Amino acid sequence: MSRIGKKPIQVPSGVNVTLSGQTVEVKGPKGTQTFTATDDVTITVEDSVVTVTPRGKSKRARQQWGMSRTVIANMVHGVSDVFKKELEIRGVGYRAQVQGNVLKLNLGYSHDVNFDIPAGVTVTAAKPTEITVEGGNLQQVGQVAANIRDWRRPEPYKGKGIRYKDEYIFQKEGKKK
């Protein structure tokens with residue numbers, strides 16, 4: 001049994017879940033999201049509870065069971081609240097600023113990095129060394145944060161680079177004479 005898949009999803013007030021075939025549409029105050037599940041699972045909506053059950057006992061059905069339940073739960077959360085990832089920049093001269101729909105990063109390269117902010121995601125830089133990525137879609141927020149981090153990953157000797165706010169970087173000692 002899937003520990004995650006068997007949990008029912010409670011739909012808060014103000015959020016509307018509709019089911020047509022295998023497509024789930026979730027509407028809320030922050031927007032609308034849709035998800036089409038595979039034929040390996042059965043989705044039911046009763047009152048304000050969404051349940052996902054597998055069709056059969058195959059490995060793929062059990063995999064899709066937990067994954068589908070998690071995606072629907074994230075959609076329900078995303079249309080009523082936002083997901084947030086915080087990044088921090090460490091390094092001399094490293095900084096970020098948002099200009100319109102572009103995140104400008106100075107990361108020690110010979111040029112500035114211009115990162116286009118995709119639709120559905122809000123990127124803010126309250127301080128030059130802090131970046132906040134917010135949005136209603138958890139997968140998209142995480143992917144945008146990972147793409148920003150990939151421009152200068154933290155290095156293990158001094159810790160310079162872009163890291164998640166709560167990320168721990170193991171520091172190496174370096175050479176000795």
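These numbers come from a predicted model, not from an experiment.
With sequence neighbours left out, the side-chain hydrogen bond (donor to acceptor under 3.5 Å, both in side chains) criterion links Gln10 to no other residue. Scanning for side-chain hydrogen bond (donor to acceptor under 3.5 Å, both in side chains) contacts around Thr132 gives an empty result, with sequence neighbours left out. The salt bridge (Lys or Arg N to Asp or Glu O under 4.0 Å) check on Glu46 picks up nothing, with sequence neighbours excluded. Among residues two or more places apart in sequence or in another chain, the ring pair (Phe, Tyr, Trp, His ring centres under 6.0 Å) test is passed with Phe83 by His77. Applying the salt bridge (Lys or Arg N to Asp or Glu O under 4.0 Å) rule to Asp150 yields the partners Arg153; only residues at least two apart in sequence or on another chain are considered. Looking at residues two or more places apart in sequence or on another chain, you find a salt bridge (Lys or Arg N to Asp or Glu O under 4.0 Å) between Lys165 and Glu130. Residues forming a side-chain hydrogen bond (donor to acceptor under 3.5 Å, both in side chains) with Gln143 (at least two apart in sequence, or on another chain): Asn147. Remark: Glu88 pairs with Arg90 by the side-chain hydrogen bond (donor to acceptor under 3.5 Å, both in side chains) rule, at least two apart or across chains. Partners of Arg163 under the salt bridge (Lys or Arg N to Asp or Glu O under 4.0 Å) rule, at least two apart in sequence or in another chain, do not exist in this structure.
Applying the side-chain hydrogen bond (donor to acceptor under 3.5 Å, both in side chains) test to every pair with at least one member in residues 102-127, sequence neighbours left out, gives these pairs: Lys104-Asn114. Under the ring-ring contact (aromatic ring centres under 6.0 Å, His included) criterion, no residue pair touches residues 134-177, with sequence neighbours excluded.
In this structure, CD1 in Ile89 is found 12.5 Å from CZ in Arg149, a value given to the nearest 0.5 Å.
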Practice task
Would you check, one step at a time, whether the test side-chain contact (heavy atoms from CB on, under 4.5 Å) holds for Phe115 with Ile148?
Solution key: CA-CA 8 Å; Phe115 182 81; Ile148 293 171; 3.8 Å; yes

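Summarising the local packing, CG of Asn101 is surrounded by more than 12 heavy atoms from other residues, nucleotides or ligands at distances under 6.0 Å.
At a threshold of 4.0 Å, the pair Glu173-Lys176 counts as salt-bridged, since one of the basic side-chain nitrogens sits closer than that to a carboxylate oxygen.
Nearest heavy atom pair, residue Gly66 against residue Ile4, reads O-CG2, 4.1 Å.
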Could you list the donor-acceptor pairs under 3.5 angstrom formed between side-chain atoms of residues 29-45 and any protein atom two or more places apart in sequence or on another chain?
| unit_1 | atom_1 | unit_2 | atom_2 | d |
| --- | --- | --- | --- | --- |
| Gln33 | NE2 | Gly136 | O | 2.9 |
| Thr36 | OG1 | Thr23 | OG1 | 3.3 |
| Asp40 | OD2 | Arg60 | NE | 2.9 |
| Thr42 | OG1 | Arg55 | NE | 2.8 |
| Thr44 | OG1 | Thr51 | OG1 | 2.4 |

